[in-house]
Amino acid sequence: MSDSPPTAVPFWHRLTTWALVYGAVVAVIVFSPYPFLSVFDPLIHRIGAVIPGLTLVRAEFIANIAMFVPFGIFLSVFLPRRRYLVLPIGFVTTVTIETVQGLFLMSRSDSVLDILSNTAGAAIGLLLVELIDASRRRSRRITRPDGT
């Protein structure tokens, strides 16, 4: 037996693992033959009775944004010097998803609103990473090693 302490899993390995899990979950959601949110229709109707204006279409729009925020975060972290590619990649990925849904999943409907909301989610993910990076840079400037 070895008495050496266990080594920590590097950050990039953990992040890559989470990105792959996220990608698999998204693939199941977007390529399943039936709309994922249809399971939650009764709940959305009940919430809509309490929150005026919450419709199934709006709930789906919000869910699509939320689903693609991690996409923008992962791409921003994996492409730190090429973050300008996050939105085009998000857009092309979404158009590909909607095209596959329109061509091969007859019970699903392709939608321009889905393209807009998914791309907006990727943009929010990118913005979050940019804000965190800006905050870190600012704090490094404020607390210099020479005490100034």
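Heavy-atom basis, side chains included; hydrogens, waters and symmetry copies ignored. Position 1 is the first residue of the sequence, and the numbers go up from there.
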Exercise. What residues, two or more places apart in sequence or in another chain, satisfy side-chain contact (heavy atoms from CB on, under 4.5 Å) together with A123?
Worked result: L87

Exercise. Residues two or more places apart in sequence or in another chain: which of them pass side-chain contact (heavy atoms from CB on, under 4.5 Å) with A120?
Worked result: I65

Are [X] and [Y] joined in one hydrophobic group, where the rule is that I, L, V, M, F, W and Y side chains link up if heavy atoms are under 4.5 Å apart?
{"X": "I89", "Y": "L128", "answer": "yes"}
{"X": "I124", "Y": "L113", "answer": "yes"}
{"X": "V30", "Y": "L103", "answer": "yes"}
{"X": "V100", "Y": "V95", "answer": "no"}
{"X": "L127", "Y": "V77", "answer": "no"}

For this session: Could you tell me whether Y84 atom OH has more than 12 heavy atoms of other residues or ligands within 6.0 Å of it?
Result: yes

If every non-hydrogen atom of [X] is compared with every non-hydrogen atom of [Y], which pair is closest and at what distance?
{"X": "G72", "Y": "S76", "answer": "O-OG, 2.7 Å"}
{"X": "P70", "Y": "A66", "answer": "CD-O, 3.2 Å"}
{"X": "A122", "Y": "G90", "answer": "CB-CA, 4.5 Å"}

Rounded distance (nearest 0.5 Å) linking atom [atom1] of [X] with atom [atom2] of [Y]:
{"X": "F78", "Y": "L85", "atom1": "CZ", "atom2": "CG", "value": "15.0 Å"}
{"X": "L126", "Y": "F74", "atom1": "CG", "atom2": "CZ", "value": "14.5 Å"}
{"X": "L54", "Y": "I44", "atom1": "CG", "atom2": "CD1", "value": "7.0 Å"}

Any pair with a residue in [range] that passes side-chain hydrogen bond (donor to acceptor under 3.5 Å, both in side chains), sequence neighbours left out, goes on the list, sorted by first then second residue, please.
{"range": "residues 118-136", "value": "R83-E130, R83-D133"}
{"range": "residues 93-103", "value": "none"}
{"range": "residues 10-22", "value": "none"}
{"range": "residues 40-58", "value": "none"}

Seminar exercise, completed: Under a side-chain separation threshold of 4.5 Å, the hydrophobic residues clustered together with L20 are none

Exercise. Does any pair with a residue in residues 105-123 pass salt bridge (Lys or Arg N to Asp or Glu O under 4.0 Å), and if so which ones, sequence neighbours excluded?
Worked result: none

Exercise. Can you find a heavy atom in the side chain of I97 that is under 4.5 Å from one in the side chain of F31?
Worked result: yes

Exercise. Is the shortest heavy-atom distance from the side chain of V86 to the side chain of V129 under 4.5 Å?
Worked result: no

Exercise. Does anything in residues 48-70 pair up under ring pair (Phe, Tyr, Trp, His ring centres under 6.0 Å), and if so which pairs, sequence neighbours excluded?
Worked result: F68-F71

